[in-house]
Amino acid sequence: MLSKSYEDELFRRLYLLGSEETDGLIDEFCMRCHAPIGVYLKEIPPADGSKLSDIAKRGISCDFCHTVSGYKKIGNGNFELSPGMIKRGPFEDSNSPGHKTAYSELHTKSEFCGICHNLYHPTNNIPLELTYTEWKESPYAEEGIPCQDCHMRQNPGIPATGITKRPDYPGIAGAGGGKRPHLYTHYFVGANTIPQIQIDETYRQLAIERLRAAATLEIIRPTNPTPDTENTIKINITNAGAGHYLPTGLTELRQMWLYVKITDSSGKTIYESGALDNEENIDKTSTIYQSIFADKNGNPTEKVWKIESLISDNRIPPKKSATEEHSFNIPATATLPLNVETVLKYRSAPQHLVDELFGKGKVTPLVVDMVTEKSQIK
Ligand code: HEC
Ligand code: HEC
Ligand code: HEC
Ligand code: HEC
């Protein structure tokens with residue numbers, strides 16, 4: 001996703017809409033993180049990118065990250081760059097035939113990622129994305145596990161989360177370097193799976209593997225199930241694997257929710273919640289874990305430039321749980337045992353917004369089944 005931070009169609013379409021609606025006010029701001037070299041070279045405006053050099057269009061590239069030499073403050077893309085022949089990285093003794101090198105402690109720390117992974121509204125300062133702060137206040141920060149220890153240890157088959165192994169990969173990074181105890185992988189996979197944007201299937205699979213190692217579910221059954229009365233089932237959702245809130249990042253768009261289905265022994269559905277309707281909207285009765293922001297009239301909006309206040313944020317902090325209660329009636333005709341199926345689901349954006357940006361029905365964000373848990377009520 002870093003290499004696509006400028007070309008990413010979901011980003012570009014939302015950005016161009018925002019640019020149009022604000023007469024270009026947001027252009028430089030958005031591009032600070034999405035095309036940082038372009039902003040550094042003063043190639044923005046115009047918003048449409050017609051003045052952007054090829055290197056700027058490559059988004060957050062090797063040379064960009066390994067040229068960062070500091071930051072003014074965490075968040076809003078306030079990096080300091082020192083372009084030139086010196087490339088900065090985590091080794092004190094590297095010796096490259098291609099360029100000079102310098103040791104950078106910053107590259108080994110979450111603060112490096114926090115330069116862009118904390119986002120405040122540029123005029124009213126409302127926090128919009130706080131992945132870095134969420135991590136900083138988590139047990140992972142206390143234990144000294146930075147972003148790099150999860151996101152730069154992932155390899156196919158090894159999602160490297162809080163509940164999986166995060167192994168070392170010893171090796172030689174390049175000619176002129178000695179054998180290193182660990183080479184940090186550069187997949188930088190989060191949760192993004194929208195096929196039209198993230199075209200490479202390898203990355204989509206890596207994102208799915210990561211999502212499947214992010215949470216756990218626990219079903220607490222009713223103790224005395226009784227026909228013809230209201231029975232309640234509880235489900236605990238635990239953020240067991242993410243080093244920040246679940247979900248994190250662009251959480252006015254990201255959606256996580258629980259699908260619950262209870263059937264009797266003949267397969268007849270007696271309760272269902274969290275299904276998608278035929279226009280891909282999530283059933284209105286289900287809880288969506290996300291942040292909801294309001295515009296100046298107090299109406300919910302997903303358009304960051306219109307945000308004036310926070311309405312609600314029910315996301316799950318690292319190593320913490322949320323509990324849902326679902327009440328249902330067991331009809332007298334139902335045959336026991338009842339089968340309970342719960343599935344935690346995630347998608348990168350709601351259908352109605354994708355429809356607005358791409359045209360109705362043109363793109364369908366993939367719904368990923370993160371965790372499935374089953375139980376029986378006897
Ligand atoms: C988002 C920023 C970012 C981008 C983009 C990026 N790197 Fe890195 N790179 C890092 C960080 C951070 C580390 C050090 C991680 C640590 O030590 O904790 C690193 C480590 C390295 C190392 C040291 C060996 C290793 O893997 O640990 C090399 C070599 C390297 N990067 C080369 C590259 C190349 C080549 C590209 C482009 C294909 C690239 N980087 C793109 C951030 C980036
Ligand atoms: C303990 C492991 C762990 C640590 C530490 C960690 N992450 Fe994550 N990250 C995950 C997992 C698991 C997911 C997938 C579930 C999710 O979306 O939260 C994820 C997802 C993400 C996403 C994608 C969110 C989305 O829905 O689009 C971003 C961006 C991200 N992480 C950035 C960071 C940054 C920046 C840091 C450091 C400040 C960090 N992560 C630290 C495990 C970790
Ligand atoms: C120059 C700003 C910048 C820096 C520095 C940066 N990122 Fe990002 N990162 C972005 C942007 C912008 C995106 C979103 C690209 C898109 O989706 O269009 C992104 C996307 C990601 C994603 C994919 C999220 C998803 O939805 O799947 C992960 C994971 C991630 N970054 C981790 C990191 C980590 C770890 C570091 C530090 C080693 C880091 N980033 C440093 C700006 C940055
Ligand atoms: C401080 C850095 C920063 C700035 C400024 C910024 N973004 Fe981002 N943007 C990110 C990061 C980091 C991500 C990835 C977070 C995640 O995956 O949840 C991201 C992801 C996105 C995505 C999701 C892309 C996808 O494929 O899912 C969209 C859309 C987006 N940004 C739009 C904008 C717009 C529009 C602006 C200007 C109003 C903007 N961004 C300004 C850092 C920034």
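Whatever order the structure lists ligands and atoms in, that order sets their numbers, starting from 1. The structure presented is a predicted model; accordingly, all values stated were derived computationally and were not measured.
Residue contact check for ligand 1: G174 places no non-hydrogen atom closer than 4.0 Å to it. Taking 4.0 Å as the cut-off, G241 counts as a neighbour of ligand 2 on heavy-atom distance. Within the structure, ligand 4 lacks G18 among the residues with a heavy atom less than 4.0 angstrom away. Heavy atoms of F188 come nearer than 4.0 angstrom to ligand 1 in at least one pair.
From the protein, the heavy atom lying nearest to atom 11 (C) of ligand 1 is M152 CE, 3.7 Å. Summary of contacts: the protein heavy atom closest to atom 12 (C) of ligand 1 is H107 O, 3.0 Å. Closest to atom 15 (C) of ligand 2, if we only count protein heavy atoms, is L246 CD1, 3.6 Å. For atom 2 (C) of ligand 1, the nearest protein heavy atom (residue, atom name, distance) is C65 SG, 1.9 Å. In this structure, atom 6 (C) of ligand 1 lies nearest to the protein heavy atom H186 CD2, 3.4 Å. Of all protein heavy atoms, the one closest to atom 37 (C) of ligand 1 is C62 SG, 1.8 Å. Of the protein's non-hydrogen atoms, Y184 N, 2.9 Å is the one closest to atom 27 (O) of ligand 1.
If you check each of R166, R210, M370, K136 against atom 13 (C) of ligand 2, the one with the closest non-hydrogen atom is R210. Considering only non-hydrogen atoms, atom 40 (N) of ligand 4 lies nearest to H34 out of R32, E129, E9, H34.
Geometrically, ligand 4 and L250 share a nitrogen or oxygen pair separated by less than 3.5 Å. Looking at H117 next to ligand 4, no N or O pair under 3.5 Å apart turns up. Residue-to-ligand polar distances place D8 within reach of ligand 4: an N/O pair is separated by less than 3.5 Å. Polar contact with ligand 2: present for R254 (N/O pair, distance under 3.5 Å).
In the vicinity of C33, heavy-atom distances shorter than 4.0 Å reach the ligand 4 atoms 1 (C), 2 (C), 3 (C), 4 (C), 5 (C), 42 (C), 43 (C). Per-residue contacts place L14 under 4.0 angstrom from the following atoms of ligand 4 (heavy atoms of the residue considered): 29 (C). Close contacts of ligand 4 with N192, meaning ligand atoms under 4.0 Å from a residue heavy atom, involve 25 (C), 26 (O), 27 (O). Atoms of ligand 4 found under 4.0 Å from any heavy atom of G77, numbered from 1 in the order shown, are 1 (C).
Contacts between L2 and ligand 1, counted as non-hydrogen atom pairs separated by less than 4.0 Å, involve the side chain only. At a heavy-atom distance under 4.0 Å, no atom of P146 approaches ligand 1. With a heavy-atom cut-off of 4.0 Å, R180 does not touch ligand 1 at all. The proximity of F91 to ligand 1, defined as any non-hydrogen pair under 4.0 Å, is limited to the side chain. With a 4.0 Å cut-off on non-hydrogen atoms, A173 touches ligand 1 through its side chain and not its backbone. Using a 4.0 Å cut-off between heavy atoms, S348 makes no contact with ligand 4 at all.
No option in T216, T287, L217 other than L217 meets the side chain to side chain contact (heavy atoms under 4.5 Å, CB included) test with I237.
Protein atoms of type N, O or S found under 2.8 Å from atom 8 (Fe) of ligand 2 total 2.
For F79 and F64, the gap between ring centers is short of 6.0 Å.
Of all the N, O or S atoms in H66, the one closest to atom 8 (Fe) of ligand 1 is NE2.
If you check the side chains of R12 and Y6, you find a donor sitting under 3.5 Å from an acceptor.
Panel note: side chain D8, backbone S5; no donor-acceptor pair is recorded below 3.5 Å.
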